[in-house]
Structures are given as C-alpha cells and as structure tokens.
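These notes concern the structure reproduced below.
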2 protein chains.
Amino acid sequence: MSITIRDVAQAAGVSTATVSRALRGLPHVDPETRERVRRVAAEMDYVVSPSASRLASGRTGTVAVITPFIDRWFFSTVLSGISDVLQESDVDLLVYEVGDPATSPGLPAERRLRGRVDGVIVVTLPTDAPRIADLLEIGLPASFIGVRWPGVPSVCIDDAAAARMATQHLINLGHERVGILSGRPQASTSQAARARGYTEAMKGAGLEPEEAAYGYFTVAGGESAMTSLLSQPRPPTAVFAMSDDMAFGAIRALQRHGIRPGVDIAIASIDGHDLSELLDLTTVGQPVEQMGRMAAHALLDRMLGRDNPDAGDPDAGEIAVPTTLVVRGSTVPVERTTSLG
Amino acid sequence: MSITIRDVAQAAGVSTATVSRALRGLPHVDPETRERVRRVAAEMDYVVSPSASRLASGRTGTVAVITPFIDRWFFSTVLSGISDVLQESDVDLLVYEVGDPATSPGLPAERRLRGRVDGVIVVTLPTDAPRIADLLEIGLPASFIGVRWPGVPSVCIDDAAAARMATQHLINLGHERVGILSGRPQASTSQAARARGYTEAMKGAGLEPEEAAYGYFTVAGGESAMTSLLSQPRPPTAVFAMSDDMAFGAIRALQRHGIRPGVDIAIASIDGHDLSELLDLTTVGQPVEQMGRMAAHALLDRMLGRDNPDAGDPDAGEIAVPTTLVVRGSTVPVERTTSLG
DNA sequence: GGGTTGTCTGTAAGCGATTGCGGCAATGCC
DNA sequence: GGCATTGCCGCAATCGCTTACAGACAACCC
C-alpha cells in the first residue's frame, strides 16, 4: 500500500542503494542520476520510512527533553528555544515531563531513552538525581540547563552572582532588613548558589542574613511565604525572591495585607519573567529562550561530533550566560518605605 | 554490543517469538515460561529496540502535538495536560511548534508525520489552514483543540457564549460603551465566535458594538490596542478582551495613562490565566489543562479503536467544555468609574 | 599498454523486532 | 482407542532501509 524505496528504485531504473544515496545527498552519485531520482521520488510522493531508516542506521533523528514542568514560564520558554533550534536541523523533539523532582520519581529510566533518541537535554533538576549518571552511562550525548555536570555542556547562569546582584541592589537602596524567599529546604545546587549570593551580599554589607521562607518556586508558595514573613515581629523592609513566580505570589500577599510593593516595601527577584514588567517588578533577567537554544546547539554539536573538545579545561562544557538587573518600580529606597515594624 | 531479543531467547531457552509474546503480555504463553522470560530479560537488562519494534509492527507508540507556540500560557498548559495522559499510557510525545499560522508556513507537511506517529493532536489553528485536510487524508487518527472539524474529536469551549458572558457581565454593571480587544483582522473561527458573542450581547442590550482594536492575542498587542482605544474622543468605560494576555497588556497601557483598572475603567476577558488572579482580572475561565487531557484521551480512544462511533450524530466528535465567569476587582459598576470621555 | 586512481552503481547482508502458520503434546469426548 | 480440541511454542518470512563491498568503466600517468 505505502510506497517504498524499492518502488522508487524501479521507477527510476536504479538500485535502492542509489536511491538512498541520492535522496540523502551522499556523494558518489551522478548529478544527473540524483536529479532523476529526486524527481521520481517527488512525483510518487515518496517519503522515507523513519522506522526502517532508524533500524538500519541506528540513528533516530530525535532528541528528548527532560523537564520537571512544561506549563511554567521558565520551562516552556526554554522548550521553545530548544524546539526552534532542533526544528532547523530537522530533529524531532520528544518531551518528558517528570514533575517536581522532590516528589516524583524524577527522570525517566534510561531504559526508556535507550534506542529511542540520539541525545537528551535535561532541564534544571537537583544534581542529586541519581539517574542522571545512568543516562550518561549509556553514552547518550547530553546537555544540561541549570545544572552543572563534569564533561557535559551545561548552560547556566551564575546563580550566586544573580542573587548577589539583586540583594546588593536592595542594600544599596538603604535596606538593612532584607528577607529572602527561597525554594525548599533541601536545595538544588542552583538554589543553594542563590542562597549563597544573598548571604554574601548581606554579610559583605555587615548585615545579618534573614532566615529563608520557603516558597517552592510557585506563585502560591511565594504568597504564603511572604505572608509568614509579614507575621514576624519586625518584618523586613525589602525582600529578595529567588524567582519571579514567588515574587508574584509575594506581591499578592502584600496586596491582601494592604501593603504596596514599591511604596511600603521593596522587592526584587530573579528570572525576567514575561509579566514582570507588567507588575513593575525589579528582577535579574536571564536569557531563558537563548539558554534553550544554546543547550540545543551544544547537544547537536556533540551528536555530530563537531564540538571542539577543549581537553584539559576542568570546566569544559560549562556555558555561562549573562544576567542583567532590570530595575523597576518595585524597588524603592528604604527612606521612602513606610516602617512596617 | 547491545543485547537483543535473540540473546534473551537463548538465555531463557525459548524462541524469540515466545520472548516477544511473553514480554508484551500476549496470550498463548505458559505462565511459568512467561515468568522465566521476564526474569531473564530483567537480569540481562534487556530493553526492546523501539526501531525494530516499529518497523515490524508498524506502530510507533508516539503522538505528535502540533501547536503554534509552546511558550505561551494557554499552549503550555494544554501541552502539560496532554503530556500527563500520554505518559500514563506510555505513549511518547513529539512536539511541533509551528508558529503563528498567520505568518508562518503553519502545519508541518503531512509528509513529516507519515510513519512517524500513530496520531496527532492539533491545537488551535485557524480552520482555513489547508494542510489540516492533508493530515487527515493519510488516515492518521487525530484530535483537535479549539477548532471544530467534522468527524474529528474537537475539544472546544463555546467561544460565543464565553464572550457573551463576559460582555453581558460588563453590561449588567451598567456599562454602555464597551470596547473590544480582538485578535487580528482575518479571524480564526474561534475568534470570530468570540466577536459574535460580544456583538450579540451588545445588540441584545440595545447597545452599539464598538469597532474592534487588534491585539493579536499578545501582551504587547493588547497594550497598543488599548492605547489606541484610549485615544478615541470618547473612550469606552469598559473593555472586553478576547484573551487574558491582551487584558494584561491593556492593564499595562492603563497604568501608563494613570488610569486604574477596576476603578476608572472596567475590564474583563477570557482565559483564566494563572496570573489573572494576581492582577485581579475578571475573566471567563476555561479548564485548559483539562482540555489537553480530554483531547489526549479522545485520541487514544481513536487509536485503540475503542471510541464509540456515535454514527448519525452530525456533531459527532465535538467535545464541549464549560466555562465559568470569575468575577474579580477589575470589573466595577459604571457609576463608580470616572468618566474618561 | 598496463597499472593506478577515481567515479558511479549494484548486490546483498544486515538492523531487531513482530506475527501468521504449522507442529506437537496433552486433554476431552464419544 | 480414535479423533477433534486446546494450549504452547518454534520457524521463518516480513517490515523498509542503510551500507560494506565489489564490479564496471573511464581517465590518467609513466
């Protein structure tokens, strides 16, 4: 029923081997023959059977992206960047949504990936996910986003620097009690780095770091974390949130308490979320889509073996991307804020 | 190097046929034999070669989702719902991001899908996309979200009703000049239905529908559309936006002009976006993730041939999902708004 | 003119599963 | 006891392509 390479070969008066070579642009085919094969194939509306091609060649032309979520801004934006690059190279994108690593089994077993894809991109999971090692063991080319791993291209921002930048900005505005909205108790390396950046900035200014309130990187979490900060005897005059989503939640909490961000309290965070501008939120922006693109490119390079193995470099593979502080109305000098204490 | 079904067969002392049947739970295998094969396979860490299995069986165990975007709330949320359902059934999810149908080539050619997937889910594209017909022609099971198509399971909200609901709500509050933020001039059916709902509500109340301002379903578009509405001689006292994103943009525009939504002007929209609560936006919510789930289920039913063919029903396949008006602070009675005229 | 290249093409052996068909016991039935 | 079932299992033919290998032929160089 479906037409095969044999039909094309017959119609073009050549062997299947020649059809295969002609259609894939391999050398050792007479230009004239190639053209004829192409024409015949087009006329017959022939398309290569991916299954057969995979089985015979061992290549799948597919990349898997493993991500905790797809319906959150950061992840969907990364995905979009990846998708863009992959599509340009005619590589298919397989998505595995694995949920919050803290509560779900995490990565799909490497058994799931084996033979199914040519490479894998893993997006921000705690490095302690044990299965990552399995993934690499089967020799699958990989690239990571948001998690460093020796020998694997890892697209990361300098989390500590970003947190320091945001915190320092608040400190520069005169704030001395700067609260912090963190993710969860047992931290990913990325979260730990942000915590470090905050602490460094505070200590560097001779200030006492506050105890973290946990917002689990969600809007709802940010809201309740902020609420708990507000219930303290002497609430902070400024807050650093590890993510825009948590900052959004915090703003919500503030609204409920009749406290105006950018007037009564200052707030800054990390992400550069699409809607941060809308909420007039000061944030340390990261080029999220770009990060997806870079990870995809790095992976493709690996897969095609055209990456320059910078051997000897211990940090080989780490791809640092810059962050920029975007100052908006949510951060005001301390003297303009109303004392909440 | 990699271990195959033959290795397992040999180790278990049976034929490859039996291994295949045993591992896939097919009948005609002695329970004891099956158990032994299972154990041996597990010990050897055997995994079926997907490529070989596909070629031999003709099934891919994969579904493609074709979506204009993945980094926008609606689409990523739908995707997440789909992903959930598919994962439960051990079906792989292939994502094709095709961009704005108005400006990009649109659907990937059916040639791309042929033999690559067992089914396809198409998310909200204008029905006039000619390639949809091609897709169905090759007999690929399909299901749609946001676009009705005869004979194909189509998960849709009642767009007209949703728009009517939002508009009516504004009218009930006493507004007589209700502006409308629409998508783009040449409409998708879904957009056209929303326009119709708005017009019906207005005319039903004896009011004159306003001319649409185009916001292209984006935040930035909504902002400039709202700005243009504000530059009219007598701006509306209320605005209906076809999507939350455009409403967000509109709010931004209002902020820039020093106009307070929910105080000086009323605004309502459609979506039920995650952050609509944060912005205190009245919106007609749709169960977006649920819609993804339903489309996925419908597709799986089709693929397994276990859908009940409700033959004779002309609307067969249309799956209507309910919407609910969520009233928030952005909609106030007209008498409380400041006249802007 | 014989050997060496080099270009183009065909032959055929895989790739690793799935599955129709037939064989062979063990069982059931008259 | 003979014969039809039934339940398990193996044989071997596919599935449609890729690719090592080799053959044919032309061009080139001494």
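Numbers restart at 1 for each chain; the letters A, B, ... are given by sequence-line order, proteins then strands.
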How long is the straight-line distance from [atom2] of [Y] back to [atom1] of [X], given to the nearest 0.5 Å?
X        : Y        : atom1 : atom2 : result
B:Phe144 : B:Ile66  : CZ    : CD1   : 8.5 Å
A:Met294 : A:Ser154 : CE    : OG    : 11.5 Å
B:Phe74  : B:Thr67  : CZ    : OG1   : 8.5 Å

Practice problem: Would you mind classifying the nucleic acid contact of B:Gly115 as base, sugar-phosphate or nothing, using non-hydrogen atoms under 4.0 angstrom? | Solution: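 Answer is nothing: B:Gly115 stays at 4.0 Å or more from every strand.
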Validation row: [X], [Y] side chains within 4.5 angstrom (heavy atoms):
X        : Y        : value
B:Val91  : B:Leu93  : no
B:Asp45  : A:Arg114 : yes
A:Met303 : A:Val63  : yes

Quiz prompt | For B:Ile145, the option from B:Ile319, B:Val122, B:Val78 that meets side-chain contact (heavy atoms from CB on, under 4.5 Å) | solution =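 Between B:Ile145 and the candidates, side-chain contact (heavy atoms from CB on, under 4.5 Å) is satisfied uniquely by B:Val78.
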Quiz item: What parts of residues 29-45 of chain B reach DNA chain D, counting only heavy atoms under 4.0 Å away?
Solution: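 Contacts with DNA chain D under 4.0 Å: B:Val29, B:Asp30, B:Thr33.
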Quiz item: Taking A:Thr77 for the side chain and B:Asp71 for the main chain, is one N or O donor matched with an acceptor at less than 3.5 Å?
Solution: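 It does not hold such a pair.
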Self-check item: Axis bend over the full length of the helix from C:dG1-D:dC30 to C:dC30-D:dG1, computed from five pairs that close each end, to 10 degrees
Solution: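 That helix gives 40° between its end axes.
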Exercise. Encode nucleotides 12-23 of chain C as B, S and - characters from 5' to 3', where the letter depends on protein heavy atoms closer than 4.0 Å: B to the base, S only to sugar-phosphate, - to neither.
Key: --BBBBSBB---
Quiz item: Rounding to a whole Å, what distance do you find between A:Leu23:CG and D:dG16:C1'?
Solution: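 In whole Å, D:dG16 C1' and A:Leu23 CG are 14 Å from each other.
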Self-check item: Nearest-Å distance for atom pair CG/P, residues A:Asp7 and D:dC15
Solution: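 Spelled out: CG on A:Asp7 to P on D:dC15 is 11 Å.
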Quiz item: So does B:Gln10 have more than 12 non-hydrogen atoms from other groups sitting under 6.0 Å from CD?
Solution: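 Counting neighbours around CD of B:Gln10, 12 or fewer heavy atoms of other residues, nucleotides or ligands fall under 6.0 Å, so no.
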Self-check item: Side-chain H-bond candidate by donor/acceptor type, B:Thr60 with B:Asp118, under 3.5 Å
Solution: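 Note: B:Thr60 and B:Asp118 side chains meet the donor-acceptor criterion.
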